[in-house]
Amino acid sequence: MTVRISDDAVALACGADAVAAAFVAAGVEVERVSSWGMHWLEPLVEIDGVGYGQVSADHVASILGGTAQSIGRIEDHPFISRQNRLTFARAGKTRPTSLDDYYGSGGWLGLAQARAMGADATIETLMASGLRGRGGAGFPAGIKWRTVANAAADQKYIVCNADEGDSGTFADRMVMEGDPFMLIEGIAIAGFAVGASKGYIYIRSEYPHAIAKMETAISLSAHLIAPFVVEVRVGAGAYICGEETSLLNSLEGKRGEVRAKPPLPALEGLFGKPTVVNNVLTLAAVPWILAHGGEAYAAYGMGRSKGTMPVQLAGNVKHGGLFEVAFGITLGELVNGIGGGTASGRPVRCVQVGGPLGAYIPPAQFDLPFDYEAFAAADALIGHAGITVFDDSVDMAQMARFAMEFCAIESCGKCTPCRLGSTRGIETIDQIIAGNNVDANLALLTDLSETMKFGSLCALGGFTPYPVMSAIKHFPEDFR
Amino acid sequence: MTSIADIVAEHEHREGPLLPILHDVQKVFGHISEDAMRDIAHALNLTRAEVYGVVSFYHDFRKEAEARSVLKLCRAEACKARGVDALVPIAESQSRVKVEAIYCLGLCSVGPAALVDDQVYARLDSARLRNLLEAM
Ligand SMILES: Cc1cc2nc3c(=O)[nH]c(=O)nc-3n(C[C@H](O)[C@H](O)[C@H](O)COP(=O)(O)O)c2cc1C
Ligand code: SF4
Ligand code: FES
């Protein structure tokens, strides 16, 4: 008998190591695997396909004795069976840094296919897949790769953006901790397609486990991607370094200030060389696309939002975790149908989609389909597809204040509307909360938001007004 | 004992060596002192102002030593939705451990969450946070 327990950061934070140790002490073989993504059940223990949720060391005897309550077969659990797992096909099933497990589950087929069909056809396949950047902006990955491939240079780079700073998101972390070879394969395919010899993975310092797993996986697989070389670089606690030009400055050893565009990083990126900057999820989708074909990927999704999105259900949600699904599912289905509403059992008041720069959305808009264009039309952001759920105890004036505070803390300082506007924003919201000249201060806040929206160089200053103004629009009673 | 020169020597052949050097200096010495900045600047042919500018830009880097253990408590939206703000008075009721704010640990489905060195903690409530602080 083998007991399978995840060693991803959520499982560890919920006490998985102690559970694993208790099984070992009971004489049972334990395999540490990636997480299924059913976070509310962690530590989740799997024996012969059957799951036991929220296990502690005290439960080991009853599980082994056959008297413990199980959740049934994990693969049949509706949270799993309702997903379209392409990027997360291995989640829960393989040992993250086992090359044998990776080979045995279709690993390296995408890279082999790319090498067999050539660089040009590889980019064509990506174009046909319709894959758009998963880091936030939704820019077509194939077009970016084509631009870099066509640029003439002695040196080109692939930069994987693993800064994942948005609250409510953890899919990048799960890829790196759960399936690191897949990311390496995706980066190597990108390098092959555009003619780059070197790749960097810029991982935020808040992710020590992801950093360790990626470094192990890189050293184990270096010979398989050679002559291409990948290296991990660690961030230093600056949210703005998720913005691609700030990230490039940080990689170069500079302050993480945002660069003006143009020049595009695709033409003048890292050290001035043509550079593909892609999010973890973008690059992690690539091996599947190469192995199965661009059309197979494009068969999922709706409109111009092709394929699947690993949605992250976070905050006050009953069934929190990772839910990969074809674009087109409604927000309400995700929050209530899949997520099961709030963890507290109180009514859902709103959700924030797309991290700290995303709008707050009330249940009245839960028929919104998960689609880049539909969200943009509603002044909302899919971003990195984190959905943070709040119950009716939330004070939206405080959340609006926090949006401004976060912008003030994380501003790179380059432009005045962001640097000073956010601090003015905090002061103004404090006046409103204190009940001073509320109408005049709300008008001032609206003006300030417009200035930030149109006068900021990047989306930190430019999008912070969205959570602020959506909170005021949908929950005016919290500001009176 | 590792010196600044050893750390610089280990990284200086790399492209963009400054951040890896600063990380290692902080790991070994606990902070990045004025002297360390001067030595690093000298070794990399940068001005002291340039190195200082980088050190002060990033939240992770400390210019002064911190004798206490540090607990980084996530204060971002998803942990707020799960009640972290109610835990702040507990964190502030003691001074033996330095409690710092951090914005997201990627544990947003099981918050409130915290990081101590490389150890992660989730599902914090008053009792668990108190125990954690006492055990540090
Ligand atoms: C303030 C700010 C923060 C960002 N943070 C991230 C991040 O953490 N991860 C990420 O992949 N993209 C982030 N982005 C988007 C990147 O600038 C860039 O669009 C992305 O890395 C491109 O990759 P993609 O096309 O694969 O999405 C951020 C953008 C802004 C303006
Ligand atoms: S908007 Fe803010 S973070 Fe973005 S470039 Fe301007 S100052 Fe920097
Ligand atoms: S918001 Fe606290 S861990 Fe993500």
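What you see below is based on every heavy atom in this structure, not just the backbone, and it leaves out hydrogens, waters and symmetry mates. The sequence lines fix the lettering, A, B, ..., with proteins before strands; numbering per chain opens at 1.
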Between [X] and [Y], is there a donor-acceptor pair closer than 3.5 Å when you use the side chain of the first and the backbone of the second?
X	Y	value
A/Arg255	B/Val54	no
B/Tyr58	A/Gly256	yes
A/Arg233	B/Leu19	no

[X] portion near chain B, given a 4.5 angstrom heavy-atom threshold:
X	answer
A/Tyr239	neither
A/Glu164	neither
A/Thr388	side chain
A/Ile211	neither
A/Val232	backbone
A/Ala9	both

(message) Ignoring hydrogens, what is the shortest heavy-atom contact between A/Ala238 and B/Phe57? Give both atom names and the distance.
(response)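 Closest approach of A/Ala238 to B/Phe57: CB-CE2, 4.1 Å.
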(request) Give the minimum heavy-atom separation between A/Val10 and B/Ser109, together with the two atoms involved. (result)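 A/Val10 and B/Ser109 have their closest heavy atoms at CG2-OG, 4.5 Å.
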(message) Suppose we screen for side chain to side chain donor-acceptor pair (under 3.5 Å). Which residues come up paired with A/Arg401, at least two apart in sequence or across chains?
(response)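 For A/Arg401 the side chain to side chain donor-acceptor pair (under 3.5 Å) partners, ignoring immediate neighbours, are A/Glu405, A/Asp430.
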(request) Anything in residues 169-177 of chain A with a heavy-atom distance to chain B below 4.5 Å? Please list those residues in order. (result)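 A/Thr169, A/Phe170, A/Arg173 fall under the 4.5 Å cut-off.
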(message) Please determine whether a side-chain nitrogen of the Lys or Arg among B/Lys72 and A/Glu206 lies less than 4.0 Å from a carboxylate oxygen of the Asp or Glu.
(response)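 Salt bridge flag = no for A/Glu206 with B/Lys72.
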(message) Any donor-acceptor pair under 3.5 Å linking the side-chain atoms of A/Glu410 with those of B/Tyr103?
(response)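 Absent: no donor and acceptor within the cut-off.
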